[in-house]
Amino acid sequence: MKSIDLSALKLQIDLLALASAHTSLQRVAASGGGEWAGACPFCGGRDRFRVQPHARPEPRWLCRHCTDGKWQDAIAFGQRLYPHLTFREVCERLSGGRLTLRSAQPRPQPVIQPAYAPPPEEWQQQARRVIERGQENLWSRAGSAARRYLQARGFKETTLQVWKLGYSDGFQIGQMVVPRGVVIPCITGGQVWYLKIALLPGQPIRCPRCGSPAQARQPCPVCGTLSKYRGVSGNRTAAIFGGDQLINAAQALFVEGEFDALIAWQSLAGEMPVCTVGSASNRLDLAAWGPYLLTLERLYAVYDPDAAGESGRRWLEGLSERTRPLRLPPGVKDVNDFILQGVDFVGWLRGEAGK
């Protein structure tokens, strides 16, 4: 039995000509062999559609709305153009009736991936020593600048102690090198999943993008990259920070980052679990984390009002129909900023959740 040679078809299709027949495109960049932009022919959104017809290994396109900003190939474009056709019919139309066929290959056996797991035991031991030393540092003279920074962000001493935050002055334990900054450990299910390092404002660093001298939490003077966090080797960051609160919980609040989670947890004072997956771009493995979400009847999502936050919020909505997104008021950049403005966050949350 013959099958379609999809690799050959993707290279055969003139994606730029195909897209230009349905929308007006202009060349906007040289990246990927040339990039064209215009209104999306599917959702109509202005300046959110991109085509790279000379990209390697194959031509590609995206829409920040329709494909959630992810590149797709020419065949996927055709499937959206002709939703009433079968996959083979779409391929035949895109090829102009000149399909390249090949003998079908035996289907490989599926590879069963194990559930997402925490770092190994040797890493765990080193991470726990880092947490212990970081806590000692934070409450010593060496941690005074870090304490002032955390107090300015609204954190009480009890919150820092409960969540085991610490301070690294730049040390190494075993093979684990810990950059200078506030140590934020994610401990769930009795395991350390990751250690995130929050850089202090003005701290001298090397820009992770271009390598130029820069200062933390300020744009790089050369490339404009903003650096706020670092990690340690071996982190497993696709985890639920604060996940232990979810056991048998009926509702929970999910926010975008650890500092947002800590300040919201402090404000709610036990009224509702507060968690984060650490970043708007992180995606959970449900084989590992599904049991933590089973009892939730309502999952409130308060993410930052930017493109990354919107993507993370949509992912949570797709994860469970029980997710309810709540949008911060205009002009508020995140939960921490909202609370530092002196607003009654708990009252706002109750009001929004009750609508």
Side-chain angles (χ1 to χ4, degrees), residues 131 134 138 146 149-166 181-189 191-199 228-231 235-247 249-284 289 292-293 296 298-306 308-309 311-313 315-316 319-320 323-328 332-341 343-346 348-350 352-353:
I131 294 170
L138 181 62
Y149 169 68
L150 293 167
Q151 289 164 0
R153 296 198 68 147
F155 297 116
K156 299 177 181 178
E157 288 189 7
T158 52
T159 299
L160 305 178
Q161 292 166 350
V162 167
W163 291 88
K164 300 184 183 299
L165 267 67
V182 175
V183 180
I184 309 172
C186 173
I187 306 173
T188 299
Q191 299 289 311
V192 184
W193 290 81
Y194 63 80
L195 300 176
K196 180 177 282 189
I197 314 300
L199 305 177
K228 298 192 291 185
Y229 297 98
R230 294 285 189 271
N235 274 347
R236 304 304 303 276
T237 56
I240 302 179
F241 180 88
D244 289 337
Q245 305 169 78
L246 297 177
I247 303 300
Q251 59 181 355
L253 172 65
F254 273 69
V255 294
E256 187 161 329
E258 292 85 2
F259 280 156
D260 286 344
L262 292 177
I263 199 72
W265 176 87
Q266 178 178 286
S267 300
L268 285 164
E271 183 172 325
M272 183 189 304
V274 184
C275 302
T276 181
V277 295
S279 163
S281 61
N282 276 344
R283 302 294 182 258
L284 297 177
W289 298 104
Y292 286 83
L293 309 173
L296 292 178
R298 181 64 72 187
L299 194 160
Y300 298 105
V302 181
Y303 274 57
D304 298 355
D306 54 22
S311 175
R313 182 166 39 244
W315 174 79
L316 274 177
L319 180 69
S320 171
T323 300
R324 180 175 173 191
L326 304 178
R327 300 188 181 276
L328 292 167
V332 177
K333 66 178 183 178
D334 56 35
V335 171
N336 200 177
D337 178 51
F338 192 23
I339 293 174
L340 287 179
Q341 290 182 14
V343 179
D344 179 9
F345 173 75
V346 177
W348 172 83
L349 181 62
R350 290 170 180 165
E352 291 296 307

- Item | Atom pair CD (Q266) and CD1 (I263), whose distance is rounded to the nearest 0.5 Å | 4.5 Å
- Query: Could you give the distance from CG (L268) to CG (L349), rounded to the nearest 0.5 Å?
  - Reply: 6.0 Å
- Looking only at heavy atoms, what is the nearest atom pair of L246 and A252, with distance? CD2-CB, 3.5 Å
- Query: Quick one: does Q341's side chain get under 4.5 Å of V332's, heavy atoms only?
  - Reply: yes
- Message: Can a donor-acceptor pair be found, under 3.5 Å and without considering hydrogens, that links the side chain of N336 to the backbone of R153?
- Response: yes
- Item | Residues forming a side chain to side chain contact (heavy atoms under 4.5 Å, CB included) with W315, sequence neighbours excluded | R283, L284, L319
- Message: Quick test of your reading: applying ring pair (Phe, Tyr, Trp, His ring centres under 6.0 Å), list the pairs with at least one residue in residues 260-282, sequence neighbours left out, ordered by first then second residue.
- Response: W163-W265
- Message: Under a 3.5 Å distance rule, please check whether R324 uses its side chain to pair with a backbone N or O of A301 as donor and acceptor.
- Response: no
- For C275, does its backbone N or O pair with a side-chain atom of E258 as donor and acceptor, under 3.5 Å? no
- Taking Q251 for its side chain and L299 for its backbone only, find out whether a donor-acceptor pair lies under 3.5 Å. no
- Task: Rounded to the nearest 0.5 Å, what's the gap from OH on Y292 to CD1 on I240? Could you check?
- Result: 7.5 Å
- Could you go through the side chain to side chain contact (heavy atoms under 4.5 Å, CB included) check for L328 and W348 one step at a time? CA-CA 9 Å; L328 292 167; W348 172 83; 4.2 Å; yes
- Task: Take F254 and V302, measure what side chain to side chain contact (heavy atoms under 4.5 Å, CB included) needs, and give me the verdict at the end.
- Result: CA-CA 6 Å; F254 273 69; V302 181; over 6 Å; no
- Query: In Å, rounded to the nearest 0.5 Å, how long is the span from CD of Q191 to CD1 of I187?
  - Reply: 10.0 Å
- Message: Donor-acceptor pair, distance only, cut-off 3.5 Å: does the side chain of Q245 make one with the backbone of V274?
- Response: yes
- Query: Can you check whether Y303's main-chain N or O pairs, donor with acceptor, with E256's side chain at less than 3.5 Å?
  - Reply: no
- Item | Where L195 and P185 come nearest, the two heavy atoms and their spacing | CD2-CB, 3.7 Å
- Message: For A198, give me all partners under side chain to side chain contact (heavy atoms under 4.5 Å, CB included), at least two apart in sequence or on another chain.
- Response: V182, I184, R217, Y229, F259
- Message: Just to verify, what does T237 make a side chain to side chain contact (heavy atoms under 4.5 Å, CB included) with, not counting sequence neighbours?
- Response: Y194, N235, N282
- Considering non-hydrogen atoms only, spot the tightest contact between P325 and T323 and give its length. CD-O, 3.9 Å
- Residues passing the side chain to side chain contact (heavy atoms under 4.5 Å, CB included) test with S267, sequence neighbours excluded, are I339, F345, V346
- Message: Test side chain to side chain contact (heavy atoms under 4.5 Å, CB included) on R313 and R327; report intermediate values, then the result.
- Response: CA-CA 10 Å; R313 182 166 39 244; R327 300 188 181 276; 3.0 Å; yes
- Which pair of non-hydrogen atoms, one from T276 and one from G257, has the smallest distance, and what is that distance? OG1-N, 3.4 Å
- Inter-residue atom distance R298.CZ - M272.CE, 0.5 Å rounding: 11.0 Å
- Item | Considering all heavy atoms, the nearest L340-A152 contact | CD2-O, 3.8 Å
- Message: Quick check on the 6.0 Å ring-centre criterion: do W193 and F241 meet it?
- Response: no
- Item | D244 side chain vs G189 backbone, donor-acceptor pair below 3.5 Å | yes
- Message: Looking at every non-hydrogen atom in both residues, tell me the closest pair between A239 and C186 and how far apart they are.
- Response: CB-SG, 4.3 Å
- Query: Does any pair with a residue in residues 266-275 pass salt bridge (Lys or Arg N to Asp or Glu O under 4.0 Å), and if so which ones, sequence neighbours excluded?
  - Reply: E271-R350
- Query: Rounded to the nearest 0.5 Å, what separation is found between the CG atom of L138 and the NZ atom of K164?
  - Reply: 13.0 Å
